[in-house]
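The next block holds one structure in the form of structure tokens; read it before the comments.
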Amino acid sequence: MPKLEIKRSFLARFIPGLASLTKRGSAGWMTIIGSGIVLSMVLMTVLGPWFSPYDPTAINVSPPPNPSPPSGDFPLGTNLLGQDMLSRILCGGSVMIQVALLSVLFCFIIGVPVGLLASYAGGMIDRISTLVMDSFYAFPGLVLAIAIAAMMGRGVVNMALSIAVVYVPSYFRMVRSQVLTIKELPYTEAARATGAKGQTVLLRYILPNVVPSIVVVATVNFADAILTAAGLTFVGLGVGIDVPDWGWDLTQGRQLLPSGSWWVITFPGIMILLLALGFTLVGEGLSELLTPRLER
Amino acid sequence: MNDDVISLPLLEVDSLTVDYRTRDGDIRAVNNLSFALEKGETLGLVGESGSGKSTLGLSIIQLVPVPGVIVNGHVRIDGVDVVRLSDEEMRAIRGKNVGFVFQDPMTSLNPVKKVGAHFIELIRTHEPNVTEAEALERAQKTLNDVGILPERINDYPHQFSGGMRQRIMIALAIALNPGVVIADEPTTALDVIVQAKILDLLKNLRDTYGMALILITHDLSIVLERCDKIIVMYAGNLVEYATGTELHSHPRHPYTQGLLQSIPNIELAEQKLEAIPGSPPNLLNPPKGCRFWLRCSEAGENCETEEPPIVEVSPGHFVRCFKEADKSERNRKR
């Protein structure tokens, strides 16, 4: 009897997959570069508190006048409150990354099951949930997020929830359309012919075949969530000023830019841009890799 | 009152009628059809597209696609009338008592699951106490029986060819040793050589596993020599029912005769292939009398207005045709 190989560890699957990415052309490289950017941003934010030269929230660490331009002691300059911009850049991504991760998680938890159920059950359930989701979808995203965040108040979880409400319809629509296709495929009928329950067919035959599409939507949504989170903080609906946050630095920098203090808004802006770019690259790369098509 | 003494057939289909309730009206896909099948027998169900043969196969396991409804009749598997069963009771029968092989092996296996996982799923659905390792061991034994190397259990469906995937589908259908296996056009998507191999495999498995086999196909030539009994269906009706050899040597229904004449024979170089003129009727509005009369070369007057009866022309050979009915009437008078 040959050896029975039922499960391989996650890592064992992941590492050969990573190596093969380099052989998949531009899409593979996009994924690698994107994940590189995202991972180094996350690493920087996690390790930031240990490396930052000053306490990012302490005021007046530099002697007046503030804001002072980049100099030897303060490589990225200081802001109006005399806080060190380099320290704020190193630590300031955590809110944004947490909000993005949580909002994508919320989208998963809400969008995927509702999409699965609606399309599998069909009929009235499907119509009503499609109607609700479409009405969310039709609303301008940032305006909706601002309205909900204003209702729920400050905090990472509340920000994440208000962003999730905006993006749940994308998940729902993707899952629903995929299930509608997959549930007509012969292997789901074959599963039923072997005595599988509806629930089993849905969770073990349909869901695993939808996952690649959900992953693509999720990675593309990360970038949107980052930008929406920045937008929420920019209009003053972020977390308190006692937490370093790039979004809040943007708000401050906007007021200082006319007087020529470009460094207060430029550096956090670049960081947000990079993070969004990283997620976009991963998303676009994965969507190309996971969509089957003929080799040239 | 000696029901337990009389041995029940393994599978009995009794005046089964299936309708599709469409927006435009009811379509009678299977009309008042009956047959019985014993252990070790092979039944061929032959008919062209839309004749109701697949619907009949699916109605045996109660999986007629929406909006199909079984309006009348019974399907008894081991004496149990499955038309009356609840969903849960029916699930216990599918896969366990009746195995099903679908037409297209390329899409009948879940692409994200290894072959072994399909077997684990199937076996543990019906026997929850079996461990994964035991299920895989049984899977390997079954795969070996259908001619797939047991170590390929860790491969994904896309790593197999069409013929091999159909072997895997067959292995899944027989894994729990069901009494009946229904193969719905199992070789339509395969080339001729693989087709012959798959059909021989099914025949050998029927003998070793001692099951009854229903072979649904549109190709009369492949069932003639392999089936004990053959039902020829036309527009939802049974038109002829006989053994394979009888049907081959004495086809009685004009439709069956037409089908037989349209089989090419490589030994007759000068043979002219006959085709049946016309196309099957629209079942939303079927012809009033015999459903075949519009295409029939021997149609008489009553064929247009009355439905022909089923007559037994010789022992075990049934035909739904006025021509034969008149003949047997005359014989009786004489």
Side-chain angles (χ1 to χ4, degrees), chain A residues 1-10 12-13 16-17 20 116 119-124 126 175 178-216 289-295, chain B residues 57-58 61-63 65-66 87-88 90-114 116-126 132-137 139-141 149-154 157-158 169 172-173 175-176 178 182 184:
Chain A
M1 273 292 170
K3 197 170 146 281
L4 298 176
E5 191 187 345
I6 304 168
K7 288 188 179 99
R8 275 194 293 165
S9 75
F10 176 75
R13 283 185 203 192
S20 72
L116 276 178
S119 51
Y120 193 74
M124 277 316 271
D126 186 28
V175 172
Q178 288 276 310
V179 174
L180 286 181
T181 316
I182 294 171
K183 80 172 182 184
E184 299 302 327
L185 288 179
Y187 61 84
T188 58
E189 196 186 10
R192 248 171 252 130
T194 60
K197 284 185 223 162
Q199 182 193 335
T200 315
V201 172
L202 193 60
L203 295 181
R204 304 233 190 136
Y205 290 83
I206 296 179
L207 180 61
N209 286 289
V210 183
V211 165
S213 316
I214 311 175
V215 168
V216 170
L289 288 179
L290 294 177
T291 312
R293 66 178 56 151
L294 288 175
E295 298 278 336
Chain B
L58 288 170
I61 55 170
Q62 306 294 304
L63 276 182
V66 183
D87 274 1
E88 198 172 326
M90 196 55 226
R91 278 202 300 271
I93 286 180
R94 287 179 203 137
K96 175 85 179 158
N97 299 51
V98 185
F100 210 101
V101 180
F102 285 90
Q103 175 173 350
D104 185 3
M106 303 310 276
T107 50
S108 293
L109 292 163
N110 188 349
V112 299
K113 281 166 97 188
K114 289 177 181 172
H118 286 84
F119 283 90
I120 293 174
E121 191 71 51
L122 167 75
I123 294 172
R124 304 237 304 193
T125 301
H126 296 282
E132 286 197 0
E134 282 169 354
L136 282 178
E137 212 164 292
Q140 290 182 322
K141 209 181 133 282
L149 288 176
E151 56 262 34
R152 299 210 58 188
I153 198 139
N154 287 317
H158 73 266
M169 286 306 295
L172 279 167
L176 294 172
I182 304 170
D184 188 358

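Per chain, numbering begins at 1; letters A, B, ... match sequence-line order. Here the structure is a predicted model, which means the values were calculated and not measured.
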Over all heavy atoms of both residues, which pair between Val112(B) and Pro208(A) is shortest? Give the atoms and the distance, please. CG2-CB, 3.5 Å
Which atom names give the shortest non-hydrogen contact between Ala190(A) and Met169(B), and what distance separates them? CB-CE, 4.1 Å
Interchain contact, [X] with chain A, by part (heavy-atom threshold 4.5 Å):
X         : result
Thr125(B) : side chain
Leu176(B) : neither
Leu109(B) : backbone

What part of Ala193(A) gets within 4.5 angstrom of chain B, counting heavy atoms only: side chain, backbone, both, or neither? both
Could you list all the side chain to side chain donor-acceptor pair (under 3.5 Å) pairs where at least one residue sits in residues 191-210 of chain A, not counting sequence neighbours? Tyr187(A)-Asn209(A), Arg204(A)-Glu121(B), Asn209(A)-Asn110(B)
Heavy-atom contacts under 4.5 Å, residues 92-100 of chain B to chain A: Arg94(B), Gly95(B), Val98(B), Phe100(B)
Find the distance between CD (Glu184(A)) and OG1 (Thr107(B)) and round it off to the nearest 0.5 Å. 12.5 Å
